[in-house]
Amino acid sequence: LYRYCIILTPPNVTGSMHMCHAFQDTIMDCHTRSQRMQGKNTLWQPGTDHAGIATQMVVERQLLAKGISRHDLGRDRFVEAVWQWKEESGDTISRQMRRLGASVDWQAHRFTMDDELSLTVRKVFVSLYKEGLIYRGQRLVNWDPVLHTALSDLEVLSEEENGKLWHICYPRADGRGQVVVATTRPETLLGDTAVAVNPQDERYSDLVGLMLELPLTGRRIPIIADDYVDPGFGSGCVKITPAHDFNDYEIGKRHDLPMINILNPDATLNENAPLAYQGLDRFKAREKVVADLQAAGLLERVESHKLMIPRGDRSQAVVEPYLTDQWYVKVEPLAKPAIEAVEDGRIQFVPANWSRTYFDWMHRIEDWCISRQLWWGHRIPAWYDDKGNIYVGMDEQDARLRCGLDSSISLRQDEDVLDTWFSSALWPFSTLGWPEPTARLKSFYPGSVLVTGFDIIFFWVARMIMMGMKFMDDVPFRTVYIHGLIRDGQGQKMSKSKGNVLDPLDLIDGIDLESLVAKRTTGLMQPKMASAIEKATRKEFPEGIPAYGTDALRFTFAALATTGRDIRFELGRVEGNRNFCNKLWNAARFVLMQTEGQTVKASFEPGPIDRWILSRMDRMVSEVDAHLGEYRLDLAAQSLYEFVWNEYCDWYLEFTKSTLQGEDENAKPATRHTLLSVLETTLRCLHPIMPFISEEIWQRIRPQLGIQGDTIMLQPWPQAGRRDQSPDQDIDQDIHWLKEVIQGVRRIRSELNISPGKPLDIRFQGGNETDRERLQCYQGVFGQLVRAASIQWVDDLADTSQCAVALLAELKILVPLAGLIDVDAELTRLHKQLEGEKAHVKTCQSRLGNRRFVENAPAEVVEQERQRLSEHESNLTRLDEQIKKLQSMNN
RNA sequence: GGGCGCGUAGCUCAGCGGUAGAGCACUGUGUUGACAUCGCAGGGGUCACAAGUUCGAACCUUGUCGUGCCCACCA
């Protein structure tokens, strides 16, 4: 595969960048950049979404501030106003993405209402209509009485709220008693057309078929039997309101009941309600119904009751099930291939668990209501004649043509627009020029990976898969990478109303406290929250937010991109990574100081220390590569961080100082070259995560290495295992030894409180041939890093009672401190170590003493354990010896 | 009611079958020509609990407790 494509989740034109965008963009950019460096033809497809309801609400609110409603303007002028607003502020988020370093293909930018994309939408609509996969139907929909539009199931969010359960008496028409029904919505009583009981319920079996007096209405309704009714709940009798409840609607259809719609579009009661209630808001009507029932003695009792209240996700208004004509997509035929694509692995979810969520939903999927009673969006390409016949086409002319209508018949277009997600579902191919067979379409469909949050798996991912399978006959992407949501440090969702929003750009550029407070407290829906928000903000950010820079922010996002769990975002992480950026920068400064104007030899025999860092780097490169391939940016970032800081800076740079400040002129050019080339390779590895700093440093070191090319962005991605030398196991062990020896001396210094500046005499005792060879090889470096005044081997009989000691297997590292040694301090130190060794020996012994362990565990594990034991035993013996010597001194 | 997660160092999180890890915070110390946004050294964890599988469990199984999210028509 030589091509790589990621589609950007198109942000709303209304939007500005929030943390989730920045997080997501970082992930996508990392992959795009690394794939680009791997030589692939990459496309990261950007764009924005017209976001029907959200955008319309924003503009309406602005007009309202000027005292104008959209109805004052009329449809055409209102839509014009939205376009104008879009032109003015629609590219905010694109500008912010540039600041983040997002390497999208800006020339390919699309907007879901571009002419080209609108054409795609109509084409798909017409095509699905022709196939019978789009139809117009009257049924119950979720109706938002504030926005006056239908909503899809997904746009309705239910939450548990405290309500009441009213028990109401319905008298029998024959005057022989009554039944009691329980309801959470007494006002719907006015639209009841039956009462249902369970057919198995013996209490009521005699009553089925009888009529009841429906209170307050003068109507009579039957008692019917239906399995839906749970005899155990309440009285076992359910009032049935087919026009205002989804279950009742189904029952109504089963029993052929009349459907009485008692509501207007704004949820006031209409002419089908008794006169006394007409025009009342539904909640006012509820109060009146209850009061009237009570007055009539028909209210048996009221109890408090928790129930799920459905609200529109935009307006927060309580949604009504409402009987209207709407357009629907018949999804079952579309869902089947979309399910199969995931089942057979053509699409993979990462992490894989999410496929289950996907399947659960896809298997229960219901027809998708796609019409919205809005003005902003893709207007539905359907026309009606005076008799209400429907004509669908690309435009009015096309519709006439298809149906053979001449111009004498007047048509009017459907007033509604399509659900925003309808056009979003086409995004993977609409942006590439479909239905034209463009080169872009051929190259970049299917996309490689979709990076998104789990919150829009249903809204978007599933629908893209369905539409992709339908119109491209292929999956829209091969991998769906689901990331977690960014939350604040306390785990709260970031929201304007909570006042805990962080703006990614404020983390990049910094912001002072007053500006931050102002930003968080202006434009609140609930202005009274302002003081609490201000207080919390001042407490959390007493100094405001410092400028961390883009790369630090990106690195933080990468490091936080673990497997799918939600992310608590803490400034401490950004600060730590800002320091990492700084560390890298300073390391580069060191390298430049050592190499500028100096001989740098490209062809050389690297010394052992150079070979060591090359070997470690090789390992890092292969780790980063593997982790990127598994979408584990967190692990990739960690490998880079550890290599740069803990190996390259902490050890390698320190090692080279000995060579570079030493006498051996011949060794210097090679070391300089290694310094540069390791830095250069590391920069290429870092570049996808930290594009700015890596580029900046790379430009400065490029000349010394004689590298061709204008930018690190297009340099080859580092390959592990490419260099001639095999993995340098021996060198790794050498340097491990060297570090241990150095740390042994440092520990003595630190624990005995010896000034870091004081040169020390170092003595080695015991040890084996390898120890001697190693010391000979690394004596210079060792001496430099521990500040040795002298280094000598002493024989086994030498008096070491005046020495502090560090142990490394058979080797004793001694620091003679004649007369200065604080014997008590040293004894304490040694006893502490002794206890540690004892514990280790005990663990090892008990393990090896277990016959079943020795018999069953793999040989290498047992062998490893034996070695461990002998090492600890040896340490134990030597520590014991040294303690005895010191104690004898003390006496 | 179903589904998916999570409970590991003070905090935020990796690790997911072979001696408990990172960052931040903490302690001691240090301006040795890359870096005090730093160096060096150090403290800190019966890996929620219980039982099981295994030579061996933070890791696998089962259960319990706590916690978060998603889906669902109980009036």
Side-chain angles (χ1 to χ4, degrees), chain A residues 153 158 165 181-185 188 196 228-230 232-241 245-251 305 307-308 321 351 353-354 356-357 359-361 364 454-455 457-458 484-485 489 491 546 548 552 556 559-560 562-594 632 634-635 638 641-642 646 649-650 653-654 657 661 742-743 746-751 753-757 784-785 787 839-840 843-844 847 850-858 860-862 864-865 868 872:
Chain A
D153 300 343
S158 293
L165 195 57
V181 300
T183 179
T184 54
R185 304 201 49 196
T188 62
Y228 163 76
V229 180
D230 173 3
F233 188 93
S235 64
C237 299
V238 187
K239 63 191 269 313
I240 302 299
T241 323
D245 181 282
F246 288 102
N247 291 312
D248 294 5
Y249 179 76
E250 294 301 323
I251 293 173
H305 180 73
L307 73 163
M308 299 296 277
N353 312 17
W354 290 108
R356 186 167 181 139
T357 305
F359 288 136
D360 284 352
W361 191 68
R364 289 174 313 149
F454 57 81
D455 49 335
I457 289 181
F458 306 143
L485 262 35
Y548 294 116
T556 305
L560 291 171
T562 60
T563 47
R565 70 147 76 170
D566 282 0
I567 290 151
R568 295 192 187 205
F569 192 89
E570 295 193 307
L571 283 189
R573 288 296 288 267
V574 194
E575 191 178 332
N577 293 322
R578 188 267 321 261
N579 295 352
F580 175 65
C581 294
N582 204 261
K583 187 79 181 173
L584 179 69
W585 180 256
N586 283 311
R589 268 184 50 202
F590 172 77
V591 173
L592 283 167
M593 281 170 68
Q594 299 301 328
R632 289 302 301 267
D634 59 326
L635 299 180
Q638 200 183 337
Y641 188 99
E642 280 172 5
N646 303 339
C649 291
D650 284 353
L653 291 193
E654 296 305 319
K657 287 176 184 171
Q661 291 160 19
I742 290 169
Q743 285 177 317
R746 283 177 176 168
R747 221 166 283 139
I748 290 172
R749 224 186 243 285
S750 172
E751 286 167 13
N753 262 322
I754 302 164
S755 148
Q784 167 118 358
L785 291 203
R787 289 219 135 203
H840 278 124
T843 317
C844 292
R847 195 166 299 177
N850 182 348
R851 202 162 76 216
R852 285 180 305 181
F853 169 71
V854 181
E855 281 165 8
N856 293 317
E860 65 266 25
V861 173
V862 178
Q864 194 185 15
E865 200 61 30
R868 222 173 263 154
H872 290 307

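Only heavy atoms go into these numbers, but all of them, side chains included; no hydrogens, no water, no symmetry mates. We name chains A, B, ... by the order of the sequence lines, and we start the count at 1 in each one.
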*Establish, with yes or no, whether the OP1 or OP2 oxygen of B:C38 is under 4.0 angstrom from a side-chain nitrogen or oxygen of A:Asn579.*
yes

*asked:* Within the 4.0 Å heavy-atom criterion, would you say A:Thr843 contacts the bases, only the backbone, or no part of the nucleic acid?
replied: nothing

*asked:* Show, in sequence, the C-alpha distance, side-chain angles and deciding distance for A:Arg847 and A:Asn850, and conclude whether the side chain to side chain donor-acceptor pair (under 3.5 Å) test is met.
replied: CA-CA 5 Å; A:Arg847 195 166 299 177; A:Asn850 182 348; over 6 Å; no

*asked:* Taking pairing as Watson-Crick or G-U wobble with both contacts under 3.5 Å, can you name the mate of B:G63, or confirm there isn't one?
replied: B:C49

*asked:* Nearest 0.5 Å, please: how far is CZ in A:Phe853 from CD in A:Glu865?
replied: 5.0 Å

*asked:* The side chain of A:Val229 is closest to which nucleotide in this list: B:G7, B:A41, B:A75?
replied: B:A75

_Counting only side-chain heavy atoms from C-beta out, which of B:U29, B:C55, B:C73 sits nearest to A:Asn247?_
B:C73

*So which nucleotide from B:A14, B:A34, B:A22 ends up closest to the side chain of A:Glu642?*
B:A22

_Pair assignment for B:A9, Watson-Crick or G-U wobble, requiring both distances under 3.5 Å_ = none

_Does A:Thr183 reach a base, just sugar-phosphate, or nothing at all? Heavy atoms under 4.0 Å._
sugar-phosphate

*Has A:His872 got a side-chain N or O lying under 4.0 Å from the OP1 or OP2 atom of B:U19?*
no

*Nearest-nucleotide pick for A:Phe233, side chain only, options being B:C55, B:C74, B:U29*: B:C74

*Could you walk me through whether A:Glu642 and A:Gln638 pass side chain to side chain donor-acceptor pair (under 3.5 Å), step by step?*
CA-CA 6 Å; A:Glu642 280 172 5; A:Gln638 200 183 337; 3.3 Å; yes

*Using Watson-Crick or G-U wobble geometry with both distances below 3.5 Å, tell me the partner of B:U27, or none.*
B:A41

*Which nucleotide in the set B:G28, B:C35, B:G3 lies at the smallest distance from any side-chain heavy atom of A:Arg356?*
B:G3

*What nucleic acid atoms does A:Arg185 come within less than 4.0 Å of, heavy atoms only: base, sugar-phosphate, or nothing?*
nothing

*Carboxylate-amine/guanidinium contact A:Arg852 A:Glu855, below 4.0 Å*: no

*Under 4.0 Å between a side-chain N or O of A:Lys657 and OP1 or OP2 of B:G33?*
no

*Check every strand shown and say whether A:Cys649 touches a base, only sugar-phosphate, or nothing at a heavy-atom separation below 4.0 Å.*
base

_Whole-Å P distance, B:G42 and B:G33_ = 24 Å

_Roughly how many Å apart are B:A51 and B:G45, using the C1' atom of each and rounding to a whole number?_
23 Å

*Donor-acceptor pair under 3.5 Å: do we get one between A:Asn856's side chain and the base of B:C55?*
no

*Report the relative orientation of the aromatic rings in A:His840 and A:His872; use parallel for angles under 30°, tilted for 30 to 60°, perpendicular for over 60°.*
parallel

*Under 4.0 Å between any heavy atoms, over every strand shown, what does A:Tyr228 touch: base, sugar-phosphate, or nothing? Just pick one.*
base

_Closest-nucleotide ordering on RNA chain B, the 5'-leading residue of A:Gln638 and A:Thr184_ = A:Gln638

*Within the pair A:Arg568 and B:G68, is there a side-chain N or O less than 4.0 Å away from OP1 or OP2?*
no

_Measuring only the C1' atom in each nucleotide, how far is B:G7 from B:U64? A whole number of Å is fine._
14 Å

_Using a 4.0 Å heavy-atom cut-off, does A:Leu635 contact any base of the nucleic acid, only the sugar-phosphate backbone, or nothing at all?_
sugar-phosphate

*Closest to the A:Arg573 side chain: B:G23, B:C55, B:G18?*
B:G23

_Please give the distance between the C1' atoms of B:C24 and B:U19 as a whole number of Å._
27 Å

*asked:* Nearest to the side chain of A:Asp650, heavy atoms from C-beta on, is which of B:A75, B:C35, B:C40?
replied: B:C40

*Taking the side chain of A:Lys583 as its heavy atoms from C-beta onward, which of B:G39, B:U19, B:A75 lies nearest to it?*
B:G39

*Looking at every strand, decide which applies to A:Asp360 at a 4.0 Å heavy-atom threshold: base, sugar-phosphate, or nothing.*
sugar-phosphate

_Is the phosphate of B:A14 approached by A:Arg565 (side-chain N or O, under 4.0 Å from OP1 or OP2)?_
yes

*Is any side-chain N or O of A:Arg747 closer than 4.0 Å to OP1 or OP2 of B:A41?*
no

*Classify the nucleic acid contact of A:Glu654 as base, sugar-phosphate or nothing, counting any heavy atom under 4.0 Å across all strands shown.*
base

*What nucleic acid atoms does A:Glu855 come within less than 4.0 Å of, heavy atoms only: base, sugar-phosphate, or nothing?*
nothing

_As a test of reading the structure: which of B:U12, B:A34, B:G18 is closest to the side chain of A:Pro858, going by heavy atoms?_
B:G18

*With the side chain of A:Arg589 defined as its heavy atoms from C-beta on, choose the nearest nucleotide among B:G42, B:A34, B:G28.*
B:A34

*asked:* Counting only Watson-Crick pairs (N1-N3 plus N6-O4 or O6-N4) and G-U wobbles (N1-O2, O6-N3), all under 3.5 Å, who is the partner of B:G56?
replied: none

*Give, for atom CG of A:Asn856 and atom CZ of A:Arg851, the distance between the pair rounded to the nearest 0.5 Å.*
11.0 Å

*Distance-only polar pair, side chains of A:Asn577 and A:Thr556, donor-acceptor under 3.5 Å*: yes

*Counting any heavy atom closer than 4.0 Å, what does A:Gln743 reach on the DNA or RNA strands: base, sugar-phosphate only, or nothing?*
sugar-phosphate

*Scan every strand shown for a Watson-Crick or G-U wobble partner of B:G68, both distances under 3.5 Å, and answer none if you come up empty.*
B:C4

*Short side-chain N/O contact from A:Thr562 to OP1 or OP2 of B:A14, under 4.0 Å*: yes

*B:U46 and B:C4: how far apart are their P atoms, nearest whole angstrom?*
32 Å

*Working to the nearest 0.5 Å, report the span between NZ of A:Lys657 and CG of A:Leu785.*
8.5 Å

*For A:Asp634 and for A:Trp354, locate the closest nucleotide of RNA chain B by heavy-atom distance; then report the residue assigned to the nucleotide nearer the 5' terminus.*
A:Trp354

_Regarding A:Asp230, tell me which of base, sugar-phosphate or nothing describes its non-hydrogen contacts under 4.0 Å with the strands shown._
base

